Each structure stands twice: as structure tokens, then as C-alpha cells.
Visitor: 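Just passing along the structure, written as C-alpha cells.
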Amino acid sequence: MKIRSLSYDEIHKGSLILVNQAHALDEHAAEDLVPVAESAALLQSSAAHALARLMDDIRGWQQIVFVSAWRSRREQQQIWDDSLRESGPEFTRTYVAFPGHSEHETGLAIDLGARREQIDFIRPDFPCTGACLAFREKAADYGFILRYPKGKESVTGIGHEPWHFRYVGIPHARIMRTQDMTLEEYTDYLKRFPYRNSLCPGESAGHRIAISYIEADQNPIRLELPDNCPYSLSGNNVDGFILTEWR
């Protein structure tokens, strides 16, 4: 067995952090940013590489353009202020996250639009046709979820945004798609599976997957992990960690 020690502050890092109206983003959460598709836009490297593979699979850049990726706190503040001035508070609260509470500040979220001569940079068109449809259908297989689905506005606190996708990784995106869960719902759901009482949703690449929740009830948190067992750890930005093991 090997021992892994985690500090409480690490709950604010990882691909499964929940950022919404109730849970602010740690200012240093966006790390390892790399360019998207040879552009000036940035995403965290895991998200950028997954997006590149997905777009290659569907030849997406022929019909799809990126609209927004990582934003600094200052940029988010400017978008918020501009939207308040131009569109009013109701529209802004529905479609623009308050600075410090925006997924775009994580480097894990991207807004995409259909390639058009004119693009609305707040609400880009992303129809259920062509490459946009193919992106939706394959997103979860590359670790992406539609972050703000229709009918879940009361859960997410954000209006339906068919253009906004969030990287959470595999197998989590596939589970959320199968269970029709938002990230808010999935974060709560995983608390049913505390450490050593794992959720085992299936296999991947010949390995059995085990997912468990670790409450950050002490500092530091000490974990015993099997030798030679691939795993990933992510904070949830709420109260603990998600451990994913490939056994």
C-alpha cells in the first residue's frame, strides 16, 4: 500500500470541482493552461487535449468555432458589467455567472458556436444538426458534459445554455449522461459512496472502475492506496474529494 496525504486546500482543485452561485472558485484553481486549436484561447491541458481529440473525431472545426474558454477574474467582471449595462439584471443573472463563480475561470469550460458570419458571444447558436449534433452525441465519451441543460435551471441556477460544455473527465461524464445528472446532482450523489464503499459503474480499458467520496474532515487527509493501481483525485470545491481508481 502507498500513503497519499492531502491538504484541505486541495478540495478547490481538479476536474470535478463544482463552481456555481453557492460555491466560489479559488483564484488559483486554473493551472496548466494551454492554447485551444492553435488559438489565443486557453483551457486546462486535460480539457484541451480531450477537446482536440473530439474535434478530430468529428472534424468539428469545419463547422464549429470556439467562442469562449478560460477567462480571468477581470474579464469575467467586465462581461458581467457590460451585460448589466446592455441587457439588464434579469438577463445577466440568467446567462452570466457572477465573477468568482464562473466556470470559465476554471479553465475547464468552453462555449462553442456554429460557424456563422455573425456570432452572439453571450448566447451563440449551437444547433442540433451537423457537427454540433455530433459533438453533443460524443461529448461524454471524451469527458465533456452539457453543463446547463434544459429543465435543470432550478438546480444549476443558470438558464439553458446548449453552447456551454464542461470537462469533468471519464468515466464521470458518461455516468452523468446515463443518469441525466448535472454536476450539482452528481456531487451530492457521490456522497453515497464513501471511501472504501465505492461506486463501481463498470470497466474501462480492461480495468474495473471504482469511484468514492472522501470527506475533508481533517487536515491533512491520509489515504491508503493499492500499489500499481492507476487512480485520479479531484476536489469537489465543496467539502471533499472524489477518488477514481482503475483496479
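Everything quoted here is computed from the prediction, not taken from an experiment.
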Visitor: Could you point out which residue of V65, V67, I64 forms a side-chain contact (heavy atoms from CB on, under 4.5 Å) with P124?
Guide: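 It is V67, the one option of V65, V67, I64 that forms the side-chain contact (heavy atoms from CB on, under 4.5 Å) with P124.
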Visitor: Just by modelled atom types, is the G60 backbone N or O under 3.5 Å from a matching donor or acceptor in the Q63 side chain?
Guide: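 Side chain of Q63 to backbone of G60: no pair is present.
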Visitor: Where the side chain of N236 meets the backbone of D239, is there a donor-acceptor pair that is under 3.5 Å apart?
Guide: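 Present.
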Visitor: Between H104 and D111, does the side-chain hydrogen bond (donor to acceptor under 3.5 Å, both in side chains) criterion hold? Intermediate values first, please.
Guide: CA-CA 9 Å; H104 284 289; D111 291 346; 3.1 Å; yes
Visitor: Looking at R85 and D82, is any side-chain nitrogen of the basic one under 4.0 Å from a carboxylate oxygen of the acidic one?
Guide: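 Yes.
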Visitor: Just by modelled atom types, is the L183 backbone N or O under 3.5 Å from a matching donor or acceptor in the E185 side chain?
Guide: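 Side chain of E185 to backbone of L183, a donor-acceptor pair under 3.5 Å: no, none is there.
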Visitor: Side chain of Q21, backbone of G157: donor and acceptor closer than 3.5 Å?
Guide: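 Such a contact is found between Q21 side chain and G157 backbone.
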Visitor: Distance alone, cut at 3.5 Å: any donor-acceptor contact between the side chains of S45 and D32?
Guide: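 Yes.
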Visitor: For residues E105 and S72, determine if any side-chain heavy atom of one lies less than 4.5 Å from a side-chain heavy atom of the other.
Guide: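 In short, these two side chains do not touch, never coming nearer than 4.5 Å.
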Visitor: Would you name the heavy atoms of P201 and I211 that are closest together and state the gap between them?
Guide: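 Closest approach of P201 to I211: CG-CD1, 4.1 Å.
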Visitor: So Y95 and W163, would you call those rings parallel, tilted or perpendicular, with 30° and 60° as cut-offs?
Guide: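 If you compare the ring of Y95 with that of W163, the planes turn out tilted.
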Visitor: If we only count heavy atoms from C-beta on, is the F241 to E10 side-chain gap below 4.5 Å?
Guide: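 Answer yes - side chains close enough.
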Visitor: Please say which of K152, R147, R166 ends up in a salt bridge (charged side-chain N to carboxylate O under 4.0 Å, His left out) with E184.
Guide: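 For E184, the salt bridge (charged side-chain N to carboxylate O under 4.0 Å, His left out) check succeeds only for R147.
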Visitor: Does a side chain donor of either D57 or Y142 reach within less than 3.5 Å of an acceptor in the other side chain?
Guide: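 Judged by distance alone, the side chains do pair up.
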Visitor: Check whether any side-chain heavy atom of M55 sits under 4.5 Å from a side-chain heavy atom of L112, and report yes or no.
Guide: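 M55 reaches L112 side chain to side chain.
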Visitor: Any salt bridge between R53 and D141, counting N to O under 4.0 Å?
Guide: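 No, this pair does not count.
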Visitor: Can you give me the closest heavy-atom contact between L146 and H160, atom names plus distance?
Guide: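 Of all heavy-atom pairs spanning L146 and H160, the closest is CD2-CE1, 4.4 Å.
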Visitor: With the side chain counted from C-beta on, respond yes when T244 and P171 share a heavy-atom pair under 4.5 Å apart, and no when they do not.
Guide: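 Yes. Closest side-chain heavy atoms under 4.5 Å.
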Visitor: Would you mind reporting whether S83 and E86 have side-chain heavy atoms less than 4.5 Å apart?
Guide: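 Not in contact.
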Visitor: Within a 6.0 Å radius of atom CZ on R196, are there more than 12 heavy atoms belonging to other residues, nucleotides or ligands?
Guide: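 Counting other residues, nucleotides and ligands, CZ of R196 exceeds 12 neighbours.
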Visitor: Anything under 30° is parallel, anything over 60° is perpendicular, the rest tilted; go ahead and classify Y8 against H12.
Guide: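 Judged by the thresholds at 30° and 60°, the geometry between Y8 and H12 is perpendicular.
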Visitor: Would you compute the distance between atom CD of Q44 and atom CG of L108 and round it to the nearest 0.5 angstrom?
Guide: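 CG of L108 is found 4.5 Å from CD of Q44.
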Visitor: Look up atom OG1 in T187 and atom CG in N237, then write down how far apart they are to the nearest 0.5 Å.
Guide: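 Here the rounded value is 9.5 Å.
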Visitor: With a 4.5 Å limit on heavy-atom distance, are the side chains of F144 and V168 in contact?
Guide: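 The answer is no; the side chains never approach within 4.5 Å.
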Visitor: Does any part of the side chain of P230, heavy atoms only, come nearer than 4.5 Å to the side chain of E245, both counted from C-beta?
Guide: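 A side-chain contact is absent here, since even the closest heavy-atom pair is not under 4.5 Å.
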Visitor: Under the criterion side-chain hydrogen bond (donor to acceptor under 3.5 Å, both in side chains), I'd like the reasoning laid out for Y231 against R4: C-alpha separation, chi angles, the key distance, then a yes or no.
Guide: CA-CA 11 Å; Y231 72 93; R4 174 76 185 268; 3.2 Å; yes
Visitor: Assign the ring pair Y189 / F193 to parallel, tilted or perpendicular, where the plane angle (0 to 90°) is split at 30° and 60°.
Guide: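 Rings of Y189 and F193: perpendicular, as their planes differ by over 60°.
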Visitor: Quick check: does any side chain N or O of T94 sit under 3.5 Å from a backbone N or O of E90, one acting as donor and the other as acceptor?
Guide: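 Yes; at least one donor-acceptor contact below 3.5 Å.
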Visitor: Do Y167 and L33 sit in the same hydrophobic cluster, where Ile, Leu, Val, Met, Phe, Trp and Tyr count as joined when their side-chain heavy atoms come under 4.5 Å apart?
Guide: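 No, Y167 and L33 fall in different hydrophobic clusters.
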Visitor: Would D26 and K13 pass as an ion pair if we require N to O under 4.0 Å?
Guide: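 Here D26 does not pair with K13 in a salt bridge, since their nearest N and O are not under 4.0 Å apart.
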Visitor: Donor-acceptor check, side chain of S212 to backbone of S198, threshold 3.5 angstrom: yes or no?
Guide: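 Here the side-chain-to-backbone pair does not exist.
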Visitor: Indicate the ring-plane relationship of F126 and F135, choosing parallel, tilted or perpendicular according to the 30° and 60° boundaries.
Guide: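 Perpendicular, since the angle between the ring planes exceeds 60°.
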Visitor: Are more than 12 heavy atoms, taken from residues, nucleotides or ligands other than R59, located less than 6.0 Å from that residue's CZ atom?
Guide: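 No - once you tally the heavy atoms of other residues, nucleotides and ligands closer than 6.0 Å, there are 12 at most.
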Visitor: Mind checking whether L43 and W61 sit in one hydrophobic cluster, side chains of I, L, V, M, F, W, Y counted as touching below 4.5 Å?
Guide: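 Result: yes, single cluster for both.
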Visitor: Apply the test side-chain contact (heavy atoms from CB on, under 4.5 Å) to residues Y195 and Y213: give CA-CA distance (whole Å), side-chain angles for both, the deciding distance (0.1 Å), then the verdict.
Guide: CA-CA 5 Å; Y195 188 44; Y213 163 73; over 6 Å; no
Visitor: Return the CG to CG distance between L243 and L233, rounded to the nearest 0.5 Å.
Guide: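 If I round to the nearest 0.5 Å, the distance is 5.0 Å.
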Visitor: Begin with the C-alpha distance, continue with both residues' side-chain angles, and end with the deciding distance and a verdict on side-chain contact (heavy atoms from CB on, under 4.5 Å) for H101 and N20.
Guide: CA-CA 5 Å; H101 297 257; N20 58 17; 5.7 Å; no
Visitor: Using only atom types and a distance under 3.5 Å, with no angle test, would you say the side chain of S5 pairs donor to acceptor with the backbone of R222?
Guide: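 Not at all, since once roles are kept as given, no pair shorter than 3.5 Å links the two residues.
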Visitor: Calculate, to the nearest 0.5 Å, the distance between atoms CG and CD1 belonging to L51 and I110 respectively.
Guide: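 The CG atom of L51 sits 5.0 Å away from the CD1 atom of I110.
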Visitor: Between I11 and L6, is there shared hydrophobic-cluster membership here, with clusters defined by ILVMFWY side-chain heavy atoms closer than 4.5 Å?
Guide: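 Looking at the clustering, L6 is in the same group as I11.
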Visitor: Would you call the rings of Y148 and H164 parallel, tilted or perpendicular, taking 30° and 60° as the class edges?
Guide: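 Rings of Y148 and H164: tilted, 30 to 60°.
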Visitor: Compare all side-chain heavy atoms of I209 with those of R247 and state whether any distance is below 4.5 angstrom.
Guide: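 Counting from C-beta outward, I209 and R247 never come under 4.5 Å.
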Visitor: Identify the heavy atoms of A48 and V34 that sit nearest to each other, and give their distance.
Guide: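 Looking at all heavy atoms of both residues, the shortest contact is CB-CG2, 3.4 Å.
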Visitor: Where is the tightest heavy-atom contact between R73 and L25, given as atom of each residue plus distance?
Guide: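 Taking R73 first and L25 second, the nearest heavy atoms are NH2-O, 3.5 Å.
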Visitor: If you round to the nearest 0.5 Å, how far is CG of L54 from CG of D56?
Guide: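 Going from the CG atom of D56 to the CG atom of L54 covers 9.0 Å.
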Visitor: With hydrophobic residues grouped by side-chain heavy-atom distances under 4.5 Å, do V19 and V155 end up in a single group?
Guide: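 Each belongs to a different hydrophobic cluster.
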Visitor: Measure the spacing between OG1 of T106 and CG of L18 and express it to the nearest 0.5 Å.
Guide: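 Taking OG1 in T106 and CG in L18, the distance rounds to 11.0 Å.
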Visitor: Is the number of heavy atoms from other residues, nucleotides or ligands under 6.0 Å of K150 NZ greater than 12?
Guide: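 Open.
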Visitor: Quick one: closest heavy-atom pair of A97 and S102, and the distance?
Guide: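 Heavy atoms only, the tightest pair is CB-CA, 3.6 Å.
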